[in-house]
Amino acid sequence: ISACLVGSEMCIRDRIYRSKYGIKRVFRREISMQLHGSGRINSQGHLEIGGVDTCSLVEKYGSPLFVYDEGLIRDQCRRFHKALSKSGLDYHISYASKAFICKELVRIMKEEDMGLDVVSVGELYNALSVDFDSQKIHLHGNNKTEYEIGYALEKNIGCFVVDSLAEVERIDSIGGQMGKRAKALLRVTPGVEAHTHEFITTGNTDSKFGLNIDNGQAREGVEAILRAENIDLIGLHFHIGSQIFGTEGSQAAIKKVFVWLKDLKEDLDFEAKILNIGGGFGIRYTDEDISYPIEDALEEIITCLKESARSQGLSIPQLWLEPGRSIVGEAGYTLYRVGTIKEIPGIRTYVSIDGGMSDHIRTALYGAKYEVALANRMNEKDASLVTIAGKCCESGDLIAKDVRIPEAKIGDILVVACTGAYHYSMASNYNLMQKPAVVFVRGGKDKIVIKRESLEDLIKNQV
Ligand code: LLP
């Protein structure tokens with residue numbers, strides 16, 4: 001059973017979460033892998049997701065391959081909706097496209113009544129390519145170009161998340177030229193930073209995002225937008241971090257923002273209709289990540305929001321959220337073929353796979369940890385301690401260090417769990433590796449949603 005690394009309250013919460021949301025573990029193996037959503041082991045001892053044998057997917061589509069449990073993506077959206085709708089608050093949930101985006105996912109987000117948070121003209125274009133309602137999209141970015149602003153205005157997006165004083169002028173002037181009015185949230189930095197298991201209150205003046213409340217720049221931002229002829233300020237935005245468990249940081253930020261909002265009401269007669277508190281809900285990559293159910297987090301956040309508004313004598317704004325990782329992270333798996341196995345006696349055994357940091361950058365970049373298994377031999381005992389290496393030309397191109405799997409053989413299928421967020425979206429063509437295909441599975445059926453890049457794709461823009 002799982003290691004409990006922090007206080008007993010977290011452990012109890014973790015156990016309740018596991019039983020409530022049916023996270024299964026593979027007990028037969030020495031080091032187990034969590035199976036989220038529809039993940040299970042079939043009668044052949046293969047990993048099955050969405051009722052589809054993952055080994056047959058590799059036969060059909062090749063490797064490396066990203067596989068998403070579509071049912072789990074939809075369930076996550078529904079959990080957010082359910083928790084928010086029972087609060088009685090007006091709310092809006094925008095999926096943060098940066099975690100992973102493709103046309104099929106946009107269609108799913110539409111069906112699940114989600115909005116979209118986009119951070120570039122590229123993400124906006126992708127959303128609009130399948131007729132997503134532009135009013136349900138908002139545009140982020142610390143350096144939105146004139147082209148991006150013009151494009152977003154032309155497409156009548158729901159609102160801009162304004163990030164700087166310069167941007168206020170830019171949007172105002174482009175809006176004026178186009179005869180368009182923009183709606184805006186102002187992104188503020190409330191002086192709270194959250195990390196995975198803790199939060200800290202910092203001066204936080206050194207951030208490329210948003211305008212700082214403490215040094216007065218956020219107020220200048222509010223004043224500038226209120227003066228602007230072509231922008232309506234409809235609310236505020238903050239995002240204190242990503243892969244966060246617990247709500248202490250969000251609560252501290254909400255309290256601080258409301259104290260500040262009271263001043264804005266008194267001095268400028270400004271009231272925020274919307275408070276967007278970003279994303280950041282943590283997911284369980286490994287057993288070291290202690291569950292913090294979305295439902296509990298939202299309940300705490302909503303209680304804090306209501307109390308903060310009441311204590312400052314302000315009305316309760318609409319609550320907006322931008323979850324990314326928590327919607328798609330646990331639903332995604334990467335499947336690779338095992339190739340070279342190199343044992344360095346007395347040191348370590350490298351099991352190399354046919355992808356690497358080009359499709360899995362988070363281990364090299366952040367030292368992120370993952371659970372791995374052999375998808376074609378899920379019931380076998382984890383007999384060897386190995387390091388899974390990618391095939392890119394970089395010693396740091398590792399997928400997982402010192403992990404136990406059954407004795408690997410060439411041709412085995414290695415699965416890495418929890419790769420649904422910030423994997424495909426952060427993939428690169430380093431070493432001219434081809435980006436893998438992406439398949440969605442649900443109810444025993446599979447559907448290709450992004451084709452594997454071809455060799456021709458790799459050089460198509462070269463002249
Ligand atoms: N809203 C804003 C303004 C954000 O900056 C982010 C993430 C989100 C929402 C979504 O956060 P999420 O719910 O996914 O935690 N590449 C890193 C993550 C970078 C997050 C950037 N911002 C990683 O792989 O962990």
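Atoms within a ligand are numbered from 1 in the order they appear, just like the ligands themselves. In this chain, numbering begins with 1 at the start of the sequence shown.
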* Assign the ring pair Tyr68 / Phe100 to parallel, tilted or perpendicular, where the plane angle (0 to 90°) is split at 30° and 60°. => parallel

for atom 16 (N) of ligand 1, nearest protein heavy atom and its distance come out as Tyr366 OH, 2.7 Å

May I ask you to check whether over 12 heavy atoms, not counting those of Lys180, lie within 6.0 Å of atom NZ? yes

Nearest non-hydrogen contact to atom 5 (O) of ligand 1 from the set Arg325, Met426, His140, Lys98 belongs to Lys98

Note: Asp117, heavy atoms under 4.0 Å from ligand 1, region reported as side chain

Ligand 1 to Gly324, heavy atom cutoff 4.0 Å, flagged ligand atoms 12 (P), 13 (O), 14 (O)

message: For the residue pair Lys256 and Phe258, would you count it as a cation-pi contact if the rule is NZ or CZ under 6.0 angstrom from the ring centre and within 45 degrees of the ring axis?
response: no

Fill in: Salt-bridge contact Arg107-Glu104 (side-chain N to carboxylate O under 4.0 Å)
yes

Across all chains, not counting sequence neighbours, the side-chain contact (heavy atoms from CB on, under 4.5 Å) partners of Ala427 are Lys435

**Asked** Using 4.0 Å as the upper bound for N to carboxylate O, is an ion pair formed by Asp232 and Arg181?
**Response** yes

the protein heavy atom lying closest to atom 1 (N) of ligand 1 turns out to be Glu322 OE1, 2.6 Å

query = Do the rings of Tyr147 and Tyr151 sit parallel, tilted or perpendicular, given the 30° and 60° boundaries?
reply = tilted

| query | Any Lys/Arg nitrogen of Glu295 or Arg79 sitting under 4.0 Å from an Asp/Glu carboxylate oxygen of the other? | reply | yes

Nearest non-hydrogen protein atom to atom 24 (O) of ligand 1, with distance, is Arg362 NE, 2.6 Å

Taken in chain and number order and not counting sequence neighbours, the residues that satisfy salt bridge (Lys or Arg N to Asp or Glu O under 4.0 Å) with Asp402 are Arg348

closest protein heavy atom to atom 8 (C) of ligand 1 is His239 CE1, 3.5 Å

The closest protein heavy-atom partner of atom 15 (O) of ligand 1 is Ser242 OG, 2.3 Å

- State whether the shortest distance between N or O atoms of Gly280 and N or O atoms of ligand 1 falls below 3.5 angstrom. yes

One finds that the ligand 1 atoms under 4.0 Å from a non-hydrogen atom of Pro323 are 13 (O)

- Can you tell me if Ser326 has a non-hydrogen atom under 4.0 Å from ligand 1? no

Ranked by distance from atom 20 (C) of ligand 1, the top protein heavy atom is Tyr422 OH, 3.7 Å

Numbered in order shown, the ligand 1 atoms found under 4.0 Å of a heavy atom of His237 are 3 (C)

*Do Ala96 and ligand 1 have an N or O pair less than 3.5 Å apart?*
no

